[in-house]
Amino acid sequence: MRVDAITLFPGMIDSPLSESIVGRAREEGFLELGFFNPRDFTDDRHRTVDDKPYGGGTGMVMMAEPVYRALKKARKRNSFVILLTPKGRRFDQALALELAKKKHLIFICGHYEGIDERVTPLADMELSIGDYVLTGGEPAAVAVIDAVARLIPGVLKKEDATVNETFAGGLLEAPHYTRPVVWRGNKVPETLLSGNHKLIAEWRSSRAQELTAATIRRQL
Ligand code: ADE
């Protein structure tokens, strides 16, 4: 899959996505990540990308034209363009699975007070990662790209790693334990030590259901 980000701060995305599983996915060619900086699409000496908001108010607004030009350069025939904004559709696992099927994603990251509203119709979707306000779209792009990248076939080495996991079947996952059996007086649940695969599967299934029910109650 190819992913491009339109951002004034490519390092905020490039750096976290150079580590661990996604970093390896990039090295192995499962994910190609590119950047287009609106600052490179300006004409003036100061390479201006933002200006004061019409109507007054605090902060600066990203100007439409440099973002438009960057998007024009990044866009291909099959691109799906996502504008990151707290007013967008809430990101979830179901959407991650949909986005993982796309050939090319382009993320537009606002910064400061956001981007001139006239850019919005250029995107196929406005997307939020939750009801809080970040300094910009970049940390949101990292979260979305991470969640999508691990769903690309071949990125996770164990095929069933994405099948059993949290949210895939609409359930949270049962808790995990590793060595030692007793850690600071806390013992691993007996069933997991039993070697009985049927019992273990039943234990995991009921823990998953309890955990999901408790989490839903907490969120209500
Ligand atoms: N930009 C600022 N806050 C955001 C959020 N919660 N989700 C997506 N983009 C954002």
Side-chain angles (χ1 to χ4, degrees), residues 1-22 31 33-41 48-75 79-102 104-152 166-167 215-216 218-220:
M1 169 186 276
R2 178 156 186 98
V3 174
D4 287 291
I6 294 173
T7 169
L8 294 173
F9 303 98
M12 287 181 75
I13 300 171
D14 189 28
S15 175
L17 296 179
S18 297
E19 303 278 344
S20 182
I21 295 168
V22 181
L31 172 69
L33 186 54
F35 299 97
F36 291 83
N37 192 332
R39 209 173 280 288
D40 298 331
F41 297 86
T48 310
V49 289
D50 58 354
D51 208 335
K52 291 182 297 239
Y54 277 121
T58 53
M60 298 290 270
V61 176
M62 281 172 68
M63 296 189 303
E65 184 63 17
V67 174
Y68 170 79
R69 290 184 188 172
L71 179 60
K72 203 169 159 197
K73 190 78 186 251
R75 230 191 230 285
S79 308
F80 189 76
V81 181
I82 297 168
L83 177 63
L84 292 158
T85 159
K87 71 180 162 81
R89 166 176 169 184
R90 179 89 67 86
F91 186 58
D92 60 16
Q93 190 67 22
L95 184 55
L97 286 158
E98 284 307 306
L99 295 181
K101 295 178 194 157
K102 308 273 187 203
H104 184 209
L105 299 176
I106 300 177
F107 292 91
I108 304 177
C109 303
H111 219 87
Y112 314 118
E113 290 305 302
I115 310 176
D116 189 310
E117 187 61 29
R118 290 168 291 184
V119 162
T120 302
L122 304 178
D124 297 300
M125 174 187 282
E126 292 179 85
L127 189 61
S128 164
I129 62 162
D131 293 340
Y132 41 81
V133 181
L134 301 163
T135 56
E138 289 82 2
V142 170
V144 176
I145 296 166
D146 182 285
V148 170
R150 63 189 289 289
L151 297 174
I152 299 170
T166 294
F167 292 122
T215 304
I216 290 169
R218 201 182 63 220
Q219 286 168 0
L220 289 176

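In listed order, ligands and their atoms are each counted from 1.
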Could you check whether any heavy atom of Asp131 sits closer than 4.0 Å to an atom of ligand 1, since that is the contact criterion I want to use?
no
Tell me which protein heavy atom sits closest to [atom], plus the residue, atom name and distance to 0.1 Å.
| atom | answer |
| --- | --- |
| atom 6 (N) of ligand 1 | Tyr132 O, 2.8 Å |
| atom 3 (N) of ligand 1 | Leu134 N, 3.0 Å |
| atom 9 (N) of ligand 1 | Thr85 N, 3.3 Å |
| atom 4 (C) of ligand 1 | Pro86 CD, 3.7 Å |
| atom 7 (N) of ligand 1 | Ile129 N, 3.1 Å |

Is it true that atom OH of Tyr132 has more than 12 heavy atoms of other residues, nucleotides or ligands lying nearer than 6.0 Å?
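Enclosed: over 12 neighbouring heavy atoms sit under 6.0 Å from OH of Tyr132.
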With a 4.0 Å cut-off on N to O distance, would you call Asp4 and Arg2 a salt bridge?
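Result for this pair is yes, salt bridge flagged.
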Between Glu117 and Lys87, does any side-chain N to carboxylate O distance fall below 4.0 Å?
yes
Got an N/O contact under 3.5 Å between Ala140 and ligand 1?
no
N or O contact, Val133 vs ligand 1, cut-off under 3.5 Å:
no
Spacing of [X] atom [atom1] and [Y] atom [atom2] [to the nearest 0.5 Å]:
| X | Y | atom1 | atom2 | value |
| --- | --- | --- | --- | --- |
| Cys109 | Ile82 | SG | CD1 | 10.5 Å |
| Arg39 | Phe9 | CZ | CZ | 7.0 Å |
| Leu31 | Ile21 | CG | CD1 | 13.0 Å |

Going by the atom numbers of ligand 1, which of them fall below 4.0 Å from some non-hydrogen atom of [X]?
| X | result |
| --- | --- |
| Gly130 | 6 (N) |
| Leu127 | 8 (C) |
| Gly136 | 1 (N), 2 (C) |

Determine, for Phe36 and Lys73, whether the Lys NZ or Arg CZ falls below 6.0 Å from the six-membered ring centre while staying within 45 degrees of the axis.
no
Test Met12 against Thr7 for side chain to side chain contact (heavy atoms under 4.5 Å, CB included), laying out the working first.
CA-CA 9 Å; Met12 287 181 75; Thr7 169; 5.9 Å; no
